[in-house]
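No hydrogens, no waters, no symmetry mates; every other heavy atom, side chains included, goes into these values. Numbered from 1 within each chain, the chains take letters A, B, ... in sequence-line order.
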Amino acid sequence: MENLLNNLNPSQRAAVEFCDGPSLVIAGAGSGKTRVLTYKIAYLLKQGLPPYYILALTFTNKAAREMKERIAEVAGEKAARQLWMGTFHSIFSRILRNEAELLGYNSNFTIFDSSDSKNLVKLIINDMDLDDKVYRPGPVHGQISKAKNNLITTTVYANNEEILEYDRLSKRPKIHEIYSRYQRRLKSSNSMDFDDLLMNTNILFRDNPKVLVDYQNRFQYILVDEYQDTNVSQHRIVSQLADVHQRVCVVGDDAQSIYSFRGANIDNILNFKSNYPNTKTFKLEQNYRSTQNIVSAANSLIKKNSEQIFKNVFSERHEGEKIEVISAFSDYEEGVIVANKIARMRLELHSTYKDFAILYRTNAQSRVFEESLRKANIPYRIYGGLSFYQRKEIKDVVSYFRLIVNPSDEIAFQRVINYPTRGIGNVTVNKITDAAQQHNVGLWEIISNLNKYELQINAGTKKRITGFQSLIADFIELSKEQSAFEVAKEVIKKTGIAQESFSDLSPEGMSRTQNIQELLNAMNEFVEMRLEQGEEDTQLVDFLSEAALLTDQDTDKESGDDKITLMTVHASKGLEFEHVFIVGMEEDLFPSSMAKSEIRGLEEERRLFYVALTRAKQTCVITFAKSRFKHGQTEPARQSQFLNDIDVKFIQTETTSLQSPREGATDGFWESMRRGAQSSRTSMKKEELSFTKKTAVSQTSSVNTLSKEANALQEGQTIEHERFGIGTVISIENNGNDRRAFVEFDTVGKKQLLLKFAKFTIVKDE
DNA sequence: TAACACTTGTTTTTT
DNA sequence: ACAAGTGTTA
């Protein structure tokens with residue numbers, strides 16, 4: 001441990017060693033924040049605190065996984081696995097499943113993603129006969145979500161004059177009623193949305209003091225990463241859990257708070273000290289990531305914001321190159337410039353592709369870069385956008401799973417009742433929904449007892465409905481015995497999805513088929529991995545509860561490939577790259593026109609830019625275009641005001657662009673440039689389909705990840721398995737990723753090990 | 001009820 | 001430019 005602590009600088013070390021009360025670690029960009037968290041956990045373990053007493057909350061699953069791996073290196077695999085470490089959403093969904101009955105839920109509850117939530121809001125708006133142009137599902141759900149993140153329950157909402165007045169002024173006085181109905185229908189669907197996972201945890205603790213005490217005792221030490229991005233609901237959970245022992249350490253950087261649109265409240269970090277009067281504050285100010293020039297440029301930018309905790313971030317690395325600002329004539333040219341520059345820099349600097357990242361404000365901007373990179377033969381990987389689980393064909397299949405696990409799930413029900421088409425149309429579905437509302441029961445209850453509820457439907461329709469009902473009922477039975485993978489195969493087969501999908505030979509259809517296949521593969525892996533780890537939870541419900549909180553960053557298995565990275569600035573938080581391109585640096589795009597109305601919004605955009613800048617280790621290039629293709633036409637654009645916020649002495653403006661317009665031919669040039677962009681866009685179409693297919697599939701496709709040991713393993717050898725102990729290899733089957741060993745263990749008997757996952761060492765050769 | 005053509009809104013960021 | 005929603009026809 002001593003030599004571990006020697007790896008830290010004095011302020012990092014001080015932050016790690018203080019464990020007796022509340023502490024706030026203000027960590028500048030690149031200052032070794034994750035390092036401090038990791039070492040601190042290792043330090044606590046070393047002090048004798050059992051791992052299952054530690055709660056560590058991260059912002060993404062990926063961050064949790066990486067931190068676990070690092071802790072495993074210093075404190076051992078076993079301890080790392082016993083830690084309560086994960087995102088707020090995943091940790092508390094686990095707790096809510098355990099305590100579901102206390103809240104009137106069943107532990108099989110479904111988790112709605114935002115599109116499910118919006119669908120439900122839309123159904124309610126229709127039921128209430130409200131004008132869906134005034135009450136648009138997106139913003140209405142946004143308003144509800146904001147309320148929930150601020151712990152404003154339906155009752156509080158309906159009695160809060162200020163909020164009601166706000167809704168009246170925005171011409172949507174009925175939101176409080178939509179909110180109540182929304183919550184009621186979530187509950188009758190035995191479902192929770194993302195915000196419920198946090199709000200219901202608060203309700204659980206509020207209404208069940210004994211349960212709260214249990215968890216207060218369990219979580220002896222609490223660590224929270226990215227505290228600047230927590231909302232009121234999350235803050236309240238943490239402060240209740242830490243209320244008694246006050247052993248809590250939060251880490252964050254107010255300058256990197258970029259999620260207020262999701263309810264994050266920067267005050268949580270700014271006011272932390274007043275919440276915990278005995279707080280000890282540590283500041284990590286040395287940036288180990290970036291050149292002095294980048295750090296100074298970022299400092300000069302963030303100084304323009306009014307609200308912040310004072311700190312002096314500095315770098316002792318070399319001065320480095322100035323930030324290069326390049327202007328392009330069009331978004332299309334911007335793409336070409338960036339692609340060419342990356343190709344050139346890679347050769348000149350002897351870099352690899354994975355040293356490069358292109359960061360943009362909106363996902364929509366990725367298109368142009370995909371195109372130019374493909375033309376330049378530069379391998380790339382896009383993060384974000386439509387994630388695997390949000391694809392239509394995947395949602396359809398997953399909806400069957402949801403319905404099987406939780407027949408009350410109304411949204412899943414509506415999604416699959418007529419998919420694949422089985423002659424149950426809108427008219428019939430409406431009759432079912434009406435009956436459900438009338439008798440105040442779920443849709444499943446209605447179709448399970450058609451006669452009882454006297455639906456006005458003809459015999460043919462009735463037969464089709466009962467057919468559907470027994471189809472699902474059979475799956476439910478099956479799922480009690482079989483693993484998620486086995487049930488999934490049956491679902492695909494028996495519902496006709498397989499048949500429908502395989503007979504569609506269009507490129508889109510084939511891509512859908514592949515994605516479904518990929519889902520099955522993922523489920524198979526899930527089951528095998530669980531079995532390998534000696535866990536019995538391999539059923540559909542277990543798969544769903546994990547999959548619902550997965551983002552596509554979490555399913556990334558190809559990070560080893562040499563590809564450049566394309567992602568939004570938001571998605572880049574916490575990452576670093578040698579060379580960063582920040583593109584589309586234009587007014588109304590970055591800062592976004594949406595955010596500019598309020599000062600706080602503009603400051604958040606500036607922090608977002610700060611985040612983008614501080615991702616770069618060596619070089620940072622900023623580009624903007626003078627015209628941009630949006631909403632179906634080319635519109636003029638001008639450079640972002642944020643470029644003026646960086647002190648000019650850290651910037652170098654590139655005037656010679658790739659191709660400058662010929663004199664006197666400006667108009668013609670522009671035209672051809674635009675046409676060039678257009679035609680290549682349209683000509684891309686066919687090619688693009690096969691391309692989307694590739695990316696979609698690649699998200700979960702696996703590579704051969706067998707370790708040396710796994711490849712070397714032979715019959716007759718003795719191994720020591722992490723869980724099962726000592727055993728002898730009886731036989732080996734298959735090869736590559738599917739390579740398996742049958743092993744006779746001394747204590748637990750015969751086991752099948754999937755070598756891709758198995759954790760063991762070879763003890764003795766025969 | 002389903003398939004097709006036509007119209008409309010939509011684009012900020014995401015657990 | 002695109003997806004989702006609306007309306008018309010078979």
Side-chain angles (χ1 to χ4, degrees), chain A residues 57-64 86-93 111-115 117-119 122 126 132-133 136-139 142 145 148-149 192-198 226 229-231 233-234 257-264 359-368 383-387 389-390 392 418-430 457-458 460-461 464 548-554 567-573 584 588-597 601 604-605 607-609 611-612 628-634 677-678 681-682 684-685 688:
Chain A
L57 298 164
T58 58
F59 196 69
T60 60
N61 293 304
K62 191 178 167 207
T87 62
F88 273 91
H89 292 87
S90 69
I91 295 284
F92 294 108
S93 70
I111 297 172
F112 277 17
D113 69 16
S114 20
S115 75
S117 300
K118 263 184 258 168
N119 283 337
K122 191 191 275 171
N126 286 337
D132 61 1
K133 293 197 175 59
R136 296 211 317 281
S145 169
K148 290 166 91 166
N149 283 324
M192 299 195 194
D193 67 9
F194 285 140
D195 308 319
D196 280 331
L197 296 176
L198 308 173
E226 309 282 13
D229 288 320
T230 54
N231 58 37
S233 190
Q234 291 167 318
S257 161
I258 54 174
Y259 278 97
S260 77
F261 71 91
R262 211 170 79 187
L359 307 182
Y360 34 77
R361 178 65 242 267
T362 66
N363 281 308
Q365 286 165 260
S366 69
R367 279 277 151 129
V368 190
Y383 292 79
L386 202 53
S387 89
Y389 286 98
Q390 286 170 337
K392 187 188 168 298
N418 200 29
Y419 170 81
T421 48
R422 50 171 71 86
I424 307 176
N426 266 332
V427 181
T428 313
V429 172
N430 282 338
I457 44 173
N458 63 42
T461 311
R464 288 191 284 266
L549 296 170
L550 239 43
T551 63
D552 64 333
Q553 302 220 18
D554 302 318
M567 57 169 61
T568 64
V569 181
H570 280 91
S572 76
K573 192 174 76 161
D588 292 332
L589 183 59
F590 200 173
S592 148
S593 52
M594 304 287 191
K596 277 168 65 178
S597 48
E604 174 148 319
E605 293 284 307
R607 289 194 295 269
L608 190 57
F609 186 28
V611 168
R628 183 167 293 275
F629 198 80
K630 58 177 151 182
H631 307 130
Q633 55 183 354
T634 307
Q678 288 239 0
R681 269 193 185 96
T682 38
M684 211 175 81
K685 279 235 165 107
E688 189 182 30

Novice: Please give, in whole Å, the distance from B:dT15 C1' to A:Met192 CE?
Specialist: 16 Å
Novice: Out of A:Arg262, A:Lys573, A:Arg607, which one pairs with A:Asp229 under the salt bridge (Lys or Arg N to Asp or Glu O under 4.0 Å) rule?
Specialist: A:Lys573
Novice: Which nucleotide in the list B:dG9, B:dT12, C:dA1 gets nearest to the side chain of A:Phe629?
Specialist: C:dA1
Novice: Would you call the rings of A:His570 and A:Phe261 parallel, tilted or perpendicular if under 30° counts as parallel and over 60° as perpendicular?
Specialist: perpendicular
Novice: The side chain of A:Arg367 lies closest to which of these nucleotides: B:dT15, B:dT12, C:dC2?
Specialist: C:dC2
Novice: Within the pair A:Asn363 and B:dT12, is there a side-chain N or O less than 4.0 Å away from OP1 or OP2?
Specialist: no
Novice: In whole Å, I'd like the distance from the CZ atom of A:Phe59 to the P atom of B:dT13.
Specialist: 15 Å
Novice: For DNA chain B, what string of dots and brackets results from 5' to 3' when Watson-Crick and G-U pairs need both distances under 3.5 Å, crossing pairs get [ ], and pairs with another strand get |?
Specialist: ||||||||||.....
Novice: Using nucleotides 1-5 of chain B, report all nitrogen or oxygen pairs with the protein that are shorter than 3.5 Å.
Specialist:
from	atom 1	to	atom 2	distance (Å)
B:dT1	OP1	A:Gly425	N	3.4
B:dT1	OP1	A:Thr428	OG1	2.6
B:dA2	OP1	A:Gly423	N	3.3
B:dA2	OP2	A:Asn418	ND2	3.2

Novice: Select one nucleotide: of B:dT11, B:dT14, C:dC2, the one nearest the side-chain heavy atoms of A:Tyr259.
Specialist: B:dT14
Novice: Between A:Phe261 and B:dT13, do the rings stack, that is, sit under 5.5 Å apart with planes less than 30° off each other?
Specialist: yes
Novice: Using whole Å, report how far NZ of A:Lys133 lies from P of B:dT7.
Specialist: 15 Å
Novice: Could you give the distance from CE (A:Met594) to OG1 (A:Thr362), rounded to the nearest 0.5 Å?
Specialist: 10.5 Å
Novice: Answer yes or no: does a side-chain N or O of A:Thr568 lie under 4.0 Å from OP1 or OP2 of B:dT14?
Specialist: yes
Novice: Atom CG of A:Asn61 and atom P of B:dT15: how far apart are they, to the nearest Å?
Specialist: 8 Å
Novice: What's the separation between atom CD in A:Glu226 and atom CZ in A:Phe88, rounded to the nearest 0.5 Å?
Specialist: 11.0 Å
Novice: In whole angstrom, give the distance that lies between atom CD of A:Gln365 and atom P of B:dT12.
Specialist: 12 Å
Novice: Spell out, as yes or no, whether a donor-acceptor pair under 3.5 Å connects the side chain of A:Asp588 to the backbone of A:Ser592.
Specialist: no
Novice: Just by distance, with hydrogens left out, do A:Ser93 and A:Ser90 show a side-chain donor and acceptor under 3.5 Å apart?
Specialist: no
Novice: In whole Å, what is the span from the CZ atom of A:Arg361 to the P atom of B:dT12?
Specialist: 9 Å
Novice: What pair of heavy atoms forms the shortest contact from A:Ser260 to A:Glu604, and how long is it?
Specialist: OG-OE1, 2.8 Å
Novice: Between protein and nucleic acid, restricted to nucleotides 3-10 of chain C and to nitrogen or oxygen atoms under 3.5 Å apart, what atom pairs and distances do you find?
Specialist:
from	atom 1	to	atom 2	distance (Å)
C:dG5	OP1	A:Lys122	NZ	2.2

Novice: Assuming nearest nucleotide by heavy-atom distance, tell me which of A:Ser593 and A:Phe194 is located more 5' along DNA chain B.
Specialist: A:Ser593
Novice: B:dG9, B:dT12, B:dT14: which one has an atom nearest the side-chain heavy atoms of A:Arg262?
Specialist: B:dT14
Novice: Out of A:Asp195, A:Asp193, A:Asn231, which residue meets the side chain to side chain donor-acceptor pair (under 3.5 Å) rule with A:Lys148?
Specialist: A:Asp193
Novice: Mind checking the OG1-CD1 spacing from A:Thr58 to A:Ile91? Nearest 0.5 Å is all I need.
Specialist: 8.0 Å
Novice: How far does the P atom of C:dA4 sit from the matching atom of B:dT13, given to the nearest Å?
Specialist: 16 Å
Novice: Show, in sequence, the C-alpha distance, side-chain angles and deciding distance for A:Thr568 and A:Arg361, and conclude whether the side chain to side chain contact (heavy atoms under 4.5 Å, CB included) test is met.
Specialist: CA-CA 5 Å; A:Thr568 64; A:Arg361 178 65 242 267; over 6 Å; no
Novice: For residues A:Asn363 and A:Ser366, is any side-chain donor paired with an opposing acceptor at under 3.5 Å?
Specialist: no
Novice: In whole angstrom, give the distance that lies between atom NZ of A:Lys148 and atom P of B:dT15.
Specialist: 18 Å
Novice: Quick one: A:Phe590 CZ to B:dT12 C1', roughly how many Å, whole number?
Specialist: 11 Å
Novice: Taking the six-membered ring of A:Phe112, is the NZ or CZ of A:Lys118 close enough (under 6.0 Å from the centre) and on axis enough (within 45°)?
Specialist: no
